[in-house]
Amino acid sequence: QAQLVESGGGLVQAGGSLRLSCAASGREVGSLVMGWFRQAPGQEREFVAALTWTTGVTYYADSVKGRFIISRDNAKNTVYVQMNSLKPEDTAVYYCAAGRSWITVTMAEQYAYWGQGTQVTVSS
């Protein structure tokens, strides 16, 4: 099992930066794939980025590639997403998730554990 708690959301102007954190706990944490998703009002949950705890291999959605960086701190059991050059279309609730499959890393359905979400609002 795993428990996930996000933090770091807020209001920022376009072009600004934010860093989201996801503190993970539970006996499965070290063997899981960690992902970030986002969901804007009236839209489906969208994959943002993912990495593996063990190797740190990363994968990004095209919409954030080059602007967002996902990373981990194994000692703190925490995953981060550094969001730079933010745009109004990045506005959403951001969720941290933990799953078991790298093959289906972009699919929300494969993630068994979810955090409560944190709001990110980018003003123009």
Side-chain angles (χ1 to χ4, degrees):
Q1 289 188 348
Q3 294 78 42
L4 308 174
V5 179
E6 303 102 332
S7 60
L11 173 64
V12 64
Q13 289 188 332
S17 299
L18 279 176
R19 188 178 78 160
L20 306 183
S21 301
C22 173
S25 60
R27 58 187 177 88
E28 290 192 59
V29 167
S31 63
L32 295 172
V33 172
M34 301 298 297
W36 284 97
F37 287 75
R38 65 187 182 187
Q39 189 166 20
Q43 297 187 21
E44 293 187 355
R45 195 162 293 191
E46 174 190 23
F47 170 77
V48 174
L51 62 67
T52 61
W53 273 115
T54 52
T55 63
V57 172
T58 60
Y59 187 75
Y60 296 93
D62 288 343
S63 59
V64 306
K65 198 174 295 182
R67 299 189 298 124
F68 289 14
I69 301 171
I70 188 171
S71 63
R72 76 203 193 285
D73 184 330
N74 286 0
K76 296 181 179 180
N77 278 355
T78 300
V79 175
Y80 306 96
V81 60
Q82 176 68 41
M83 306 186 296
N84 302 318
S85 302
L86 282 162
K87 306 174 183 180
E89 51 263 43
D90 294 318
T91 295
V93 177
Y94 283 70
Y95 296 91
C96 175
R100 297 185 177 92
S101 173
W102 187 251
I103 295 174
T104 54
V105 67
T106 63
M107 298 176 61
E109 293 80 4
Q110 77 96 356
Y111 290 85
Y113 308 105
W114 292 84
Q116 80 285 357
T118 185
Q119 177 70 47
V120 171
T121 303
V122 184
S123 62
S124 57

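No hydrogens, no waters, no symmetry mates; every other heavy atom, side chains included, goes into these values.
- Applying the ring pair (Phe, Tyr, Trp, His ring centres under 6.0 Å) test to Y95 and every residue at least two apart in sequence or in another chain returns nothing.
- A distance of 11.5 Å separates OG in S71 from CE in M34, rounded to the nearest 0.5 Å.
- Clustering ILVMFWY residues whenever any of their side-chain heavy atoms sit less than 4.5 angstrom apart, transitively, puts W53 in the very cluster that holds I69.
- Using a 4.5 Å cut-off between side-chain heavy atoms of Ile, Leu, Val, Met, Phe, Trp and Tyr, with links allowed through other members, V33 and W114 fall into the same hydrophobic cluster.
- Side-chain contact between W36 and C96 is present, with at least one heavy-atom pair separated by less than 4.5 Å.
- Separating the OH atom in Y59 from the NZ atom in K65 is a distance of 6.0 Å, to the nearest 0.5 Å.
- Distance CZ/R72 to OG1/T58: 10.0 Å, rounded to 0.5 Å.
- Taken from CD in Q39 to OH in Y94, the straight-line distance is 12.0 Å, to the nearest 0.5 Å.
- A donor-acceptor distance shorter than 3.5 angstrom exists from the side chain of T91 to the backbone of V122, with no hydrogens or angles considered.
- Each of V5 and F37 belongs to its own hydrophobic cluster when Ile, Leu, Val, Met, Phe, Trp and Tyr are linked at side-chain heavy-atom distances under 4.5 angstrom.
- The two residues A92 and R38 have their closest heavy-atom pair at CB-CB, 3.8 Å.
- S63 is listed as a side-chain neighbour of E46, based on a closest heavy-atom distance under 4.5 Å.
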- Please step through salt bridge (charged side-chain N to carboxylate O under 4.0 Å, His left out) for the pair D90 and K87, ending with a clear verdict. CA-CA 5 Å; D90 294 318; K87 306 174 183 180; over 6 Å; no
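- Judged by distance alone, the side chain of Y60 and the main-chain N or O of I70 form a donor-acceptor pair under 3.5 Å.
- A distance-only check finds a donor-acceptor pair linking the side chain of Q110 to the backbone of R100 [under 3.5 Å].
- Side-chain contact between E6 and L20: absent, with no pair of heavy atoms (C-beta onward) separated by less than 4.5 Å.
- How far CG of L4 is from OH of Y111: 11.5 Å, rounded to the nearest 0.5 Å.
- For the pair A14 and S124, the tightest heavy-atom approach, listed with the atom from each and the gap, is CB-CA, 4.3 Å.
- Shown here for A50 and V105, the closest heavy-atom pair between the two residues is CB-CG2, 3.2 Å.
- Both V120 and V81 sit in one connected hydrophobic cluster of ILVMFWY residues. Membership requires side-chain heavy atoms under 4.5 Å apart, directly or through other members.
- Heavy-atom minimum distance, N84 versus S17: OD1-OG, 3.0 Å.
- The structure places CG of L86 at 5.0 Å from CZ of F68, a figure rounded to the nearest 0.5 Å.
- Both V79 and L32 are part of a single hydrophobic cluster, where members link through side-chain heavy atoms under 4.5 Å apart.
- S21 has its side chain out of reach of K76: every pair of non-hydrogen atoms, C-beta onward, lies at least 4.5 Å apart.
- Residue-environment remark: CD (E44) stays at or below the threshold of 12 foreign heavy atoms within 6.0 Å.
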